[in-house]
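Only this structure's heavy atoms are used, side chains among them; waters, hydrogens and symmetry mates stay out. Residue numbers start from 1 in every chain, and the chains themselves are labelled A, B, ... in the order their sequence lines are given, proteins ahead of strands.
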Amino acid sequence: MIRQTFGLRLALWYAGIFAGSSLVLVGLTYALLAESLRARDHEIIRSTLREYAARYEAGGLPALARAVELEERAGRHERLFVRVIGRGRDALFLSMPEEWSDFDVGRLGESGDWSRASAAGRDSTLEVAPARLFDGTILQVGKSTESRDALLASFRRIVMIVSAAMMLVALAGGALVMRSTVRPIRTLAGVVRGIIATGRTNARVPEAGTGDALDELSVLFNSMLARITSLIDAMRDSLDNVAHDLRTPMARLRGMAERGLASSDPVVQREALATCVEECDRVLAMLNSLMDIAEADHGTLRLALTDVPLRSVMADAVGLYEDAADQKGVRLSIDEGPDVVAVGDRDRLRQVLANLVDNAIKYTPSGGHVTLAARKEGLQAVVTVADSGIGIAAADQPRIWQRLYRADPSRTERGLGLGLSLVRAYVRAHGGEAEVSSEPGRGSTFTVRLPLTVSGSRSPVSGSS
Amino acid sequence: MDLLTRRVERGGKTIDLRPREFALLEYLLRNAGRVVTKTMILSHVWGYSFDPGTNVVDVLVSRLRDRIDRPFPVRLLHTVRGVGYTLKAPEQ
């Protein structure tokens with residue numbers, strides 16, 4: 001209902017404004033026309049009055065009568081009312097068209113400016129200007145407003161017709177404006193209604209490509225939908241993965257607990273309890289990592305920023321994993337080079353490096369190598385962890401940062417899938433970026449970029465993003 | 001165990017240990033008879049306060065076990081499943 005009244009309102013507004021402004025224009029024109037017609041009539045009366053007065057002064061009443069007669073014959077303009085009143089208040093001379101005889105001319109003013117005589121049954125009036133002559137007689141010249149009124153009446157008639165036509169045009173224009181304005185909005189509303197009803201965000205608003213504000217709205221709306229869709233998909237994937245990764249240890253936990261309950265042998269019970277604790281530790285570790293990632297993603301992670309020499313952080317990571325790498329037959333080393341000092345939270349950066357090394361060793365077969373290096377690049381400190389492992393297909397590269405994503409879905413190894421998400425979340429919380437480049441079969445290189453100074457575009461401590 | 005010369009002997013036999021193995025053994029000896037958890041070992045030996053995915057503690061413990069236990073008939077370093085490790089003399 002609202003959209004209908006909106007369209008109607010728009011059309012009425014348009015028609016109203018159009019009609020209102022035309023009315024003002026027409027009104028002004030009418031007033032101007034009436035005024036100029038009146039001025040013209042008055043000018044004729046005055047100039048005639050002056051002329052006849054001059055005639056009277058020159059040749060008396062006979063000269064005036066002759067002039068009037070001449071004037072009537074010449075027919076220069078429409079006929080006038082001319083009267084001369086003597087000192088005895090008697091009309092010495094009167095000339096006027098016969099059809100004006102019903103005007104009540106008896107009470108016309110004899111001095112001053114203008115006086116008017118009206119007649120019963122007539123709309124027009126007789127406008128008369130008097131003049132006192134040198135010998136005390138009074139000369140009156142007047143003119144009926146009849147022709148003027150007729151002109152104005154026909155003007156009004158024409159204006160009425162034109163106005164009616166204009167109103168129709170205004171309404172049609174309003175309807176047109178309503179259609180072109182409201183249609184994209186209706187389409188948008190239809191799409192939104194569809195999304196609300198079905199919950200599917202894959203619907204799109206048609207883009208007209210006209211580049212106007214409504215088209216821009218459609219384009220923005222579509223890109224917002226695309227963004228929402230990808231976010232929802234990512235969240236759904238994450239949730240699926242979390243559910244899947246929780247179900248397996250939970251099932252094992254339950255199986256173990258059942259076995260412990262079923263047995264009366266204290267050794268078996270103890271075994272079962274121990275397995276339960278281990279399983280719980282795994283689940284707890286996973287949940288802690290998820291919460292850390294969420295905290296870093298939300299920007300609520302508190303970072304204790306200090307100068308962090310990256311070589312020592314790399315050495316720590318190598319120290320942590322050298323035995324494990326050795327056992328697996330993977331060579332773990334740090335490239336020679338000058339030390340680079342980044343600004344960051346030392347503990348978090350140690351965890352970032354440890355996770356990267358952990359990941360690299362995990363996916364590097366025996367006989368391979370994992371090499372760490374650090375360098376300065378512009379205003380960034382860059383750490384790389386390169387391995388000679390199985391590599392990551394280009395299509396999978398963006399997905400490895402997702403929570404609980406696994407390069408190989410059939411893998412049964414547990415505790416995977418959060419390390420790289422945590423790396424990216426922590427590095428981004430520092431105002432840096434984590435990237436990967438890889439060639440399947442040849443190995444992968446993970447790159448972490450960190451700011452060299454705190455004066456970046458974003459303050460990692462407040463972490464408001 | 002001689003902390004100054006960093007020499008370790010068992011049953012009159014000198015055992016060569018790498019620095020981290022030495023640090024772990026020292027920690028276990030100081031807590032002899034008590035159970036130390038993996039988290040405790042991680043923070044004491046490496047100074048890491050989080051759990052890395054790969055079981056680096058297991059690797060180090062098995063290395064230490066190779067040096068101090070395997071050549072001898074009596075086992076001293078025990079795994080307490082679900083909790084951690086303990087170093088204790090066999091009960092007579």
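In this structure, the side chain of B/Trp46 engages the main chain of A/Gly319 through a donor-acceptor pair within 3.5 Å.
Contact record, A/Val313 with B/Tyr48: O-OH, 4.4 Å, taken as the closest heavy-atom pair. The shortest heavy-atom contact between B/Val59 and A/Ala324 is CG1-N, 3.9 Å.
Open room surrounds CZ on A/Arg259; 12 or fewer heavy atoms of other groups in view lie less than 6.0 Å from it. The local environment of CZ in A/Arg270 is sparse, with at most 12 non-hydrogen atoms from other residues, nucleotides or ligands closer than 6.0 Å.
If you take CZ on B/Arg63 and CG on A/Asp323, they are separated by 4.0 Å, rounding to the nearest 0.5 Å. Between the OG1 atom in B/Thr37 and the CG atom in A/Asp281 there is a gap of 9.0 Å [rounded to 0.5 Å].
Interface summary for chain B: among A/Gln351, A/Glu278, A/Gln327, the most heavy-atom pairs under 4.5 angstrom belong to A/Gln351.
Proximity to chain B is limited to the side chain of A/Glu322, based on heavy atoms less than 4.5 angstrom apart.
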